[in-house]
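To keep things clear, I will list the structure first and then write my remarks on it.
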Amino acid sequence: MKEKKEENNLMEKIISLCKRRGFIFPGSEIYGGLANSYDYGPLGVELKNNIKNLWWKRFVHQRNDMVGIDAALIMNPKVWEASGHLKEFSDPLVECKKCKRRFRADHVNSKKCPDCGGVLGESRQFNLMLKTFLGPAEEKANEVFFRPETAQAMFVDFKNVLETSRKKIPFGIAQTGKAFRNEITPGNFIFRTREFEQMEIEYFIKENDWKDSFKYWQKEMWDWMTDALGLKKDSIHESDVPDGERAHYSKKTIDFEYDFPFGKSELYGLAYRADFDLKNHFKEAPYKDEETGEKFYPHVIEPTFGVDRSVLALIYDAYKEESERVVLKLKPMLAPYKVAVFPLLKNKPELVKIAREIYAGLKKEFNAVFDDRGNIGKRYYSQDEIGTPFCLTVDFESLENNDVTVRHRDTMAQERIKIKDLVKFLEDGIS
Ligand code: ATP
């Protein structure tokens, strides 16, 4: 019980830090907000972009067998008919007979309402597709849907990508972007919202290779979580999703769960979609083996990564309360600011001038920030709380020696570095 309270408390502290320091704000706040909608602020967008850029570099640029796309959010509704989403993309919904609140049936463990203890009614399927209309008339013919996953465009564009990229199986198509789901019970901050971002790969293979490919991507996902993001291994768990609980298209799914403050919950997923999607979209087999001339439907392994859940896991994983400070121990590569530059004293123009010059130079290479408010200790703590890995101070010695004090976020150790060596020092420290 005590533990649960502490974890709730921690979640509140993280939400408050995110708002106070400009990571994540409640959406439409000046109009009273919009339930479960959030805006990424100046630091949040940096963190999020750093995750997405790292992902793209690792899974697209650094590989020979991957290309990317950036498709429209709203697709022809026939896509969703063919993919089965209009019929099958639903969650079981139950309503409390007393307070009328609605819940996802698979998230409540008893027949009683978690809020008021009232009796829950029968469960029914609720479709999660978010509907809108294109054009001026709100009629059935103009009905369209915001995509509930980025995946389908990778299937629909399969032939175009194949013809223009001249890739051969095995190869993958990657995409990052927004997806929309009319979730029954959004909540837990940015963990479950109705508008969120995904990073997905559809990796096309021959049917016989699916088991090996699945294992390969399972390892790639582990390496991403633990090496690239630096999440604690002990906080990540795999869960093999049993028959009957998998999405309608999947023959095998592993959920990667993370120990969030509110409990163990899905961070990412890995699915074997077989040839389900390509078969639904293409009447004729869309792939021809150049050597054998055989035409066939490639099978697909799908590693999928939620961006917002990555942000939440990273902030939670990195958040540390130490005796005198709160520090976000993010990997330097992911930190919003890489370096902060301070003049020791605000009222000494000779120090301010050099600090400004250093700042202007570093800003060409790194996301840097300048601060001359309050005393040095306060500035350090302010940067610690947002995860800035290095703080540089220009002091009186700098005038003599052309160097600065570099203070390291995690160890709080300090050293002197020559001004001319700073770019190299930071490049090494960040990579
Ligand atoms: P859940 O069981 O939590 O509803 P899911 O199994 O439906 O998730 P997928 O369809 O596998 O999720 O979506 C892929 C990834 O997209 C998830 O692993 C997660 O990171 C992210 N995601 C899915 N739904 C949401 C949401 N409502 N808000 C934020 N991220 C989401």
Side-chain angles (χ1 to χ4, degrees), residues 24 27 34-40 44 48 51-52 55 80 83-85 88-93 103-108 125-130 146-155 174-203 214 217-218 221-222 224-225 229 231 236-242 244-260 262-273 276-277 300-316:
I24 300 164
L34 173 70
N36 302 101
S37 105
Y38 294 95
D39 295 341
Y40 283 80
K48 191 154 94 144
I51 296 170
K52 289 194 287 184
W55 187 90
W80 309 113
S83 68
H85 281 80
E88 311 267 1
F89 197 61
S90 52
D91 279 336
L93 176 147
F103 304 92
R104 236 173 90 168
D106 55 334
H107 285 176
V108 287
Q125 288 299 318
F126 174 78
N127 194 287
L128 302 179
M129 301 286 287
L130 206 70
F146 288 100
R147 65 184 181 196
E149 56 176 26
T150 58
Q152 286 308 313
M154 271 96 94
F155 302 123
Q175 182 172 208
T176 68
K178 289 247 167 150
F180 299 79
R181 297 182 186 177
N182 205 1
E183 296 278 1
I184 297 168
T185 40
N188 287 326
F189 194 31
I190 54 169
F191 177 81
R192 189 180 301 286
T193 50
R194 294 190 171 113
E195 173 182 340
F196 56 96
E197 229 173 323
Q198 294 184 314
M199 308 183 283
E200 288 194 305
I201 292 168
E202 304 304 327
Y203 198 76
F214 196 93
W217 281 106
Q218 198 173 349
M221 292 184 83
W222 268 105
W224 162 259
M225 291 183 282
L229 297 187
L231 295 177
I236 305 167
H237 314 275
E238 280 186 10
S239 148
D240 211 326
V241 182
E245 288 181 28
R246 287 192 295 271
H248 62 279
Y249 48 74
S250 174
K251 282 204 171 168
K252 180 175 171 70
T253 299
I254 286 180
D255 284 348
F256 291 94
E257 298 177 327
Y258 178 82
D259 291 322
F260 286 101
F262 44 84
K264 195 165 73 166
S265 304
E266 177 176 333
L267 175 62
Y268 302 146
L270 174 63
Y272 170 41
R273 291 178 86 126
F276 178 86
D277 302 274
V300 172
I301 303 292
E302 178 191 70
T304 167
F305 309 70
V307 179
D308 312 85
R309 289 185 190 180
S310 307
V311 170
L312 186 56
L314 265 176
I315 293 180
Y316 176 55

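Keep in mind the model is a prediction, meaning the values are calculated, not measured. Counting starts at 1 for both ligands and their atoms, in listed order.
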Atom 8 (O) of ligand 1: nearest protein contact (heavy atom, Å): E266 OE1, 3.6 Å

T304 heavy atoms, cut-off 4.0 Å: which ligand 1 atoms fall inside? 14 (C), 15 (C)

Under 4.0 Å, counting heavy atoms only: does F256 come that close to any atom of ligand 1? no

Do the side chains of R273 and E149 get close enough for a salt bridge, i.e. N-O under 4.0 angstrom? yes

Is any side-chain heavy atom of F155 less than 4.5 Å from a side-chain heavy atom of V300? yes

Check whether any heavy atom of L267 sits under 4.0 Å from an atom of ligand 1. yes

Taking N or O atoms only and a 3.5 Å limit, does R309 qualify as a polar contact for ligand 1? yes

Given the rule in the side chain to side chain donor-acceptor pair (under 3.5 Å) test, do E238 and W222 qualify, once you have shown the distances and angles that lead to the verdict? CA-CA 10 Å; E238 280 186 10; W222 268 105; 2.4 Å; yes

Contact atoms of ligand 1, heavy-atom distance to G306 under 4.0 Å: 20 (O), 21 (C)

Considering non-hydrogen atoms of the protein only, which is the closest contact for atom 28 (N) of ligand 1, and what is the distance? T193 N, 3.1 Å

Please state which protein non-hydrogen atom is closest to atom 22 (N) of ligand 1 and give its distance, to 0.1 Å? F196 CE1, 3.5 Å

Side-chain touch F276/K251, heavy atoms, less than 4.5 angstrom: no

Which atoms of ligand 1 sit under 4.0 Å from any heavy atom of G269? 18 (O)

Identify the closest protein heavy atom to atom 3 (O) of ligand 1: which residue and atom is it, and at what distance? R192 NH2, 2.9 Å

Residue, atom and distance of the protein heavy atom nearest atom 29 (C) of ligand 1 read F191 O, 3.1 Å

Look at the aromatic rings of F89 and H85 and report parallel, tilted or perpendicular, splitting at 30° and 60°. tilted

Value for CD1 (I236) from CE (M221), rounded to nearest 0.5 Å, stands at 10.5 Å

Is a side-chain N or O of R309 found less than 3.5 angstrom from the main chain of E266, in a donor-acceptor match? yes

Tell me, which protein residue and heavy-atom name are nearest atom 16 (O) of ligand 1, and how many Å apart are they? Q198 NE2, 3.2 Å

Centroid-centroid under 6.0 Å between F260 and Y258 rings: yes

For ligand 1, which atoms have a heavy atom of E183 less than 4.0 angstrom away? 24 (N), 26 (C), 27 (N)

For F180 and F146, take the angle between the two ring planes, folded into 0 to 90°, and tell me which bin it lands in: parallel under 30, tilted 30 to 60, perpendicular over 60. tilted

Hey, which atoms in ligand 1 end up nearer than 4.0 Å to a heavy atom of Y268? 18 (O)

Backbone or side-chain N or O of R104 under 3.5 Å from ligand 1 N or O: yes

Please could you name the atoms of ligand 1 that R181 approaches to less than 4.0 Å, counting only its heavy atoms? 5 (P), 7 (O), 9 (P), 10 (O), 12 (O), 13 (O), 23 (C), 24 (N)

With side chain to side chain contact (heavy atoms under 4.5 Å, CB included) as the test, pick out the partner of T150 among Q198, K178, E197. Q198

